[in-house]
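Here the structure is laid out as structure tokens; the discussion comes afterwards.
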Amino acid sequence: MESSPVRQCINFLLNPNLGGAIITNHKVHQGKHMHSGLFEHICIDPNGPDCYCGHRGCLETYCSANALKAAAGMPIKDFSRFCITTQTPTLLRIWRDYLDHLAFAIRNLNLVIDSPVIISGYLAPYFRNADMQYLLEKINEQSLFHMEEDQLLVGNHGQYTPAIGAALYYLKEFLSPVIS
């Protein structure tokens, strides 16, 4: 009997605080101590900004919506609108720096877990095709293994992604037939 292939992906939840998940066969991988997928606390610079966890230089301080809002000095909605309409070099540089850090994180996690990556959460609706192309180029720029365009996806539920995911679990349980 042939076994079905393992299906997995990495989810980057770009909410006010960065989140993440490793999803295998449609289930979130929890890990032995229930903290698998805490990408936000991977240190990328021990001398970097202070993180709310008490350490320095965590991905949270570079890739969360809060980090982008702090760098821009304005709400994300305004920042995104001004980036697109005014093409101000300072705002574009902030966005590129954000995407560069996100590409760094995706590239390195994809070396550990070779799978598609889904960008979801509050910031997902602000990603344009040009942003995804830039992100893919940055990921592949220093990668040992080329990531294809169909391996980098943007979720379409925005900030409601966690709530929808949580609800799906209970809907599946509710709709599953009772086996006696």
Side-chain angles (χ1 to χ4, degrees), residues 8-77 79-80 83 93-127 131-132 134-136 138-143 145 147 151-169:
Q8 65 184 37
C9 69
I10 299 169
N11 184 319
F12 276 85
L13 188 62
L14 306 179
N15 276 343
N17 292 105
L18 181 65
I22 301 166
I23 303 167
T24 304
N25 291 331
H26 304 283
K27 293 182 181 176
V28 174
H29 175 74
Q30 299 292 328
K32 182 177 179 180
H33 301 290
M34 303 296 286
H35 55 77
S36 180
L38 290 178
F39 309 150
E40 63 266 33
H41 297 296
I42 293 174
C43 178
I44 63 171
D45 180 1
N47 299 312
D50 290 331
C51 182
Y52 68 84
C53 73
H55 296 281
R56 298 176 66 89
C58 296
L59 279 175
E60 166 72 26
T61 64
Y62 297 96
C63 296
S64 67
N66 283 342
L68 182 59
K69 180 180 172 184
M74 65 182 80
I76 299 297
K77 270 186 180 177
F79 172 75
S80 179
C83 266
R93 183 71 254 154
I94 290 168
W95 182 237
R96 289 286 164 102
D97 286 346
Y98 178 86
L99 292 175
D100 290 349
H101 285 103
L102 187 59
F104 175 87
I106 291 170
R107 178 177 54 248
N108 284 300
L109 282 168
N110 206 17
L111 284 171
V112 176
I113 303 164
D114 178 20
S115 66
V117 173
I118 301 170
I119 294 171
S120 64
Y122 178 75
L123 291 179
Y126 297 104
F127 278 74
D131 300 325
M132 293 303 289
Y134 178 83
L135 193 58
L136 189 61
K138 285 303 209 177
I139 291 167
N140 287 330
E141 196 172 81
Q142 295 180 353
S143 181
F145 306 101
M147 180 181 259
Q151 293 175 288
L152 185 61
L153 311 164
V154 177
N156 55 7
H157 299 297
Q159 67 189 28
Y160 302 108
T161 300
I164 291 168
L168 286 176
Y169 172 82

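- Side-chain contact between Asn110 and Ile139 is absent, with no heavy atoms from C-beta onward closer than 4.5 Å.
- Side-chain contact check for Tyr126 versus Asp131: every heavy-atom pair is 4.5 Å or farther apart.
- When side chains are defined from C-beta on, Phe104 does not count as touching Lys138, because their heavy atoms never get closer than 4.5 Å.
- Residues meeting the ring pair (Phe, Tyr, Trp, His ring centres under 6.0 Å) test with Tyr134, sequence neighbours left out: none.
- Considering all non-hydrogen atoms of both residues, Met147 and Ile106 come closest at CE-CG2, 4.0 Å.
- With sequence neighbours left out, the salt bridge (charged side-chain N to carboxylate O under 4.0 Å, His left out) criterion links Asp50 to Arg56.
- Between His41 and Cys51 there is a side-chain heavy-atom pair separated by less than 4.5 Å.
- Contact annotation: the side chain of Leu102 approaches that of Ile119 to within less than 4.5 Å [non-hydrogen atoms, C-beta and beyond].
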* Asked: side-chain contact (heavy atoms from CB on, under 4.5 Å) between Phe145 and Asp114: does it pass, once the steps are laid out?
  -> CA-CA 9 Å; Phe145 306 101; Asp114 178 20; over 6 Å; no

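- Of the charged side-chain nitrogens involved, at least one lies within less than 4.0 Å of a carboxylate oxygen, so that Asp97 and Arg93 count as a salt-bridged pair.
- Here the shortest heavy-atom pairing between Pro16 and Tyr122 reads CD-CB, 4.4 Å.
- Within the 4.5 Å cutoff, side-chain heavy atoms of Tyr62 are placed close to those of Pro49.
- Of all heavy-atom pairs spanning Cys58 and Cys53, the tightest one is SG-SG, 3.8 Å.
- Looking at Leu14 and Tyr98, their side chains come closer than 4.5 Å, going by heavy atoms from C-beta outward.
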* To do: Go through Phe39 and Asn108 one step at a time and tell me if the side-chain contact (heavy atoms from CB on, under 4.5 Å) criterion holds.
  => CA-CA 11 Å; Phe39 309 150; Asn108 284 300; over 6 Å; no

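- Proximity of Glu40 to Asn17: side-chain heavy atoms (C-beta onward) are nowhere separated by under 4.5 Å.
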